[in-house]
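First the structure, in the form of structure tokens, and then the observations on it.
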Amino acid sequence: MKKKQKKLHLIIGWAIVVIAALFLFPDKNIALQAERPHLGQASSRTIVAPINFEVPKSEQEIETERNRAADKVNAIFEFNNDETKRIYEELKTFLHKVGQYGSLQNQINQASALEGGDSSVQVKVIQASRVYDVLKQRISTSAIKPLSVNAKARDSLLSVFNQALQKGVSNTFIATSETAAQLYRDNYKLQDDFKYIVYTKPTITLLKDNEKSSVEAGGIQPLRRRIDEAFAQLQMSFPNDQGLLSSFYETLFVFMLPNVFYLEKETDASRLEARQKVTLIKGMVPRGMEIVAQGSPITKDILEKLDALQRAQQKEENSRKFTAVYGNALVLVIIITFFFLFIFVTPSNRLFKTPRQLWSVIALTLLQLVAFWVMHNFSGSLNSVDIPVLPENFEFMWLYPFALAPVTATVLFDHRFGLGFTIFSAFIFGLLNGYDLAATIFAIAITCVAMLPLIRMRYRVQFVWSIIAGVGAMAAAIAIMFLLRNRLSFEAFYQNVIVGSANIIVCSALASVLLVHLAERVFGITTVLTLMEMSDFNRPALKRISEYAPGTFHHSIQVSNLAEKVADSIGANSLLVRVMALYHDLGKTMRPEYFTENQKQGVNPHDSLDPAQSVKIIVGHVEQGALLAQEYNIPDMVADGIREHHGSSEIKFFYHKAKELAAEKGGTVKIEDYSYKGPKPQSKETAILMLADIIEATSRSMTDTSPEALAAMIHKTIEGRFMEGQFNESNLSVKDLFKLEKAFLDSLDGTYHTRVKYPGQK
């Protein structure tokens, strides 16, 4: 990607990121937090209240007090006298009829015992029959007879029934828990819609005769339990008459009804009134009162007063409210501008060959800002809600995911961009925590330590080492932070270390499992993890080379080993060079027999071809390799090695052969027709691959492999490619070429070192 094109895309990206940052963080209070001391610190000055102001309660405190006030309100029940009288009179009338029926039956029996009864008996029979028809509509026939003949039983039943009504029969079961309600429902086989409330207070408010009184909650029992209590009392009085007891239970079940009713609306209204009576302020601080003396530690109470003073001053000085917003916006713009300047000046031609890849940096920047915004708003909402699970010494700042983008950038790009994101993320982190310089420094330190195991990424297990290193750095940073603020205690330390460690683990997990993989797919980026996977010999493209061109496969392995060793000498990406070397001759699999390393028994097909045809086949393996790379979905970064490993170098053997044939016929030959089509190496890695390819092939054809001969061959090869201008576009310096020359010699000298001859060897 050209520099002008890169500049244009970065300007557009800068504008988008700035707009996003100003939209996400417009809060003036971010800037005002810079004047706020931290809990536990010694005050640097004496602060006296310049005005009268109120100290408000926090939302959490207000809600807690409101809940406490509402909990103090008893549930309200009403004892309905009219309903009580109606129920009692209904049973009394019924029992009177039962007694009347019993009396009529007795009279009929007595008259029937006398001989030749008269017409009065018939009248009584008719009367008894009518009464019986009324009675059996309410209770069974088997229950009527025992009650009709026992006046004492009827009197006891009515008395016990009245006592139960006076105690109160509730229409709502008062349960101490959901489990108790479920047990009550199952015990009496009730429907799921039966009424109950979960209530743990010992008393309720009972409204009776327009007067309120506090009674024990256990004294208000539901219908079924009152029936059981009344039956148990009657059972004690008539223990041996099962028929009568059955009549008692049936009558109680039919006639007993609720006369105490739960007033849900009145209860809710009383609780709402109690909540509304809670005051919103803790008290008033008069003008001239000392809030904190110089050198005194900052306590929670002092912080609340300072926050209240700041809000009161904002109301009086409207100008501060507006300028803080502008100042905060300028700081954000400055941070983002310097970060994008860093991206622009950092060499990245190898990393960003297309605009799509460059936009991955902008997308990662936006992601980091959004992650900060989510946690910033989340911490604000947590401050206003009472969450008992959170520890008392919990610091919200350690929840901010400041390591998310740096860790991802280190794996996606390299350690330079990881460091750039580290500084950018740390400055935003410090800004959101009230322009806290200590927080910024510690964020940089923690992230750098966590990034160290990822600089030379090879395996995913390195993420585990990154997490361990990051957690250790987090623990050290928290300890130092608490020392600075005079708050160090074991409880506060381990609580915040747990929170900070969870933050590091989540950031690394998201980076390793989701973000890196997503960026590779969306933006076409090739990471070291992908390169490691591509070096597996079971990959389809490598299996194709080993199957169709075994000689080329062996050559590719030798080139990869050689190139990887020398790449480290100039700080190039050794893993990328190794993988490019494994795939660089993929095109030879189309016609492997035309390349020396695959020819057997000295048969060379080029002997029967015109030099121009031979050159076409030789040059074609580059183009065919590029096409196969697309077919096998080989990343562009690796495919560059296929396209560039010969550059525009000359194919001298066939060029000289063509010149000899042309001389015999009196013609001429153009060198361009006997050269590779390019492009020339565009990076240090493809330049190293070019040299390793030539040097490895040449060294195998040498009979003299002494250090002197190898050194001369290496020097001649590098010098030849340099004079042809093959390295003009690769950013290789002359100093790099000298280092490569020495590295190639050291590597080949180790390969061809003299071995001791064993007995019997010639």
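Just so you know, these numbers use all the heavy atoms, side chains as well, and skip hydrogens, waters and symmetry mates. Throughout, residue positions are numbered sequentially from 1 according to the sequence presented.
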| said: For Phe429 and Trp398, take the angle between the two ring planes, folded into 0 to 90°, and tell me which bin it lands in: parallel under 30, tilted 30 to 60, perpendicular over 60. | reply: tilted
| Phe421 vs Phe424 aromatic rings, parallel, tilted or perpendicular, using cut-offs 30° and 60°? | perpendicular
| Strictly under 6.0 Å, is that where the ring centroids of Phe417 and Phe352 end up? | yes
Over all atoms of both residues, closest heavy-atom pair of [X] and [Y]:
| X | Y | answer |
| --- | --- | --- |
| His584 | Asp693 | NE2-OD1, 3.3 Å |
| Glu644 | Pro681 | OE1-CA, 3.5 Å |
| Thr698 | Met713 | CG2-CG, 3.5 Å |
| Ile362 | His9 | CD1-O, 3.9 Å |

| request: Carefully, step by step, assess Leu412 and Phe523 under the rule side chain to side chain contact (heavy atoms under 4.5 Å, CB included). | output: CA-CA 11 Å; Leu412 275 180; Phe523 298 104; over 6 Å; no
Tell me whether [X] is salt-bridged to [Y], with the criterion being a basic N under 4.0 Å from an acidic carboxylate O.
| X | Y | value |
| --- | --- | --- |
| Glu597 | Lys588 | yes |
| Glu724 | Arg721 | yes |
| Glu547 | Lys543 | no |

| query | Which residues satisfy the side-chain contact (heavy atoms from CB on, under 4.5 Å) test with Ser466, sequence neighbours excluded? | reply | Ala450, Pro453, Leu454, Ser508
For [X] and [Y], does a side-chain donor sit closer than 3.5 Å to a side-chain acceptor?
| X | Y | answer |
| --- | --- | --- |
| Ser675 | Glu650 | no |
| Arg416 | Thr346 | no |
| Asp585 | Ser556 | no |

| message | Using side-chain heavy atoms (C-beta onward) and a distance below 4.5 Å, is Phe402 in contact with Cys507? | response | no
| message | What I'd like to find out is whether the side chain of Met534 reaches to under 4.5 Å of the side chain of Arg539, using heavy atoms alone. | response | yes
| task | Quick one: do Tyr594 and Asn604 satisfy side chain to side chain contact (heavy atoms under 4.5 Å, CB included)? Show the steps, please. | result | CA-CA 7 Å; Tyr594 285 91; Asn604 189 346; over 6 Å; no
| task | Begin from the C-alpha positions of Thr530 and Val638 and carry the test side chain to side chain contact (heavy atoms under 4.5 Å, CB included) through to its verdict. | result | CA-CA 10 Å; Thr530 301; Val638 178; over 6 Å; no
For atom [atom1] of [X], decide whether the heavy atoms of other residues, nucleotides or ligands shown that lie under 6.0 angstrom number more than 12.
| X | atom1 | value |
| --- | --- | --- |
| Phe427 | CZ | no |
| Lys657 | NZ | yes |
| Tyr632 | OH | yes |

Under 3.5 Å donor-acceptor pairs involving side-chain atoms of residues 437-446, not counting sequence neighbours:
from	atom 1	to	atom 2	distance (Å)
Thr440	OG1	Asp436	O	3.1

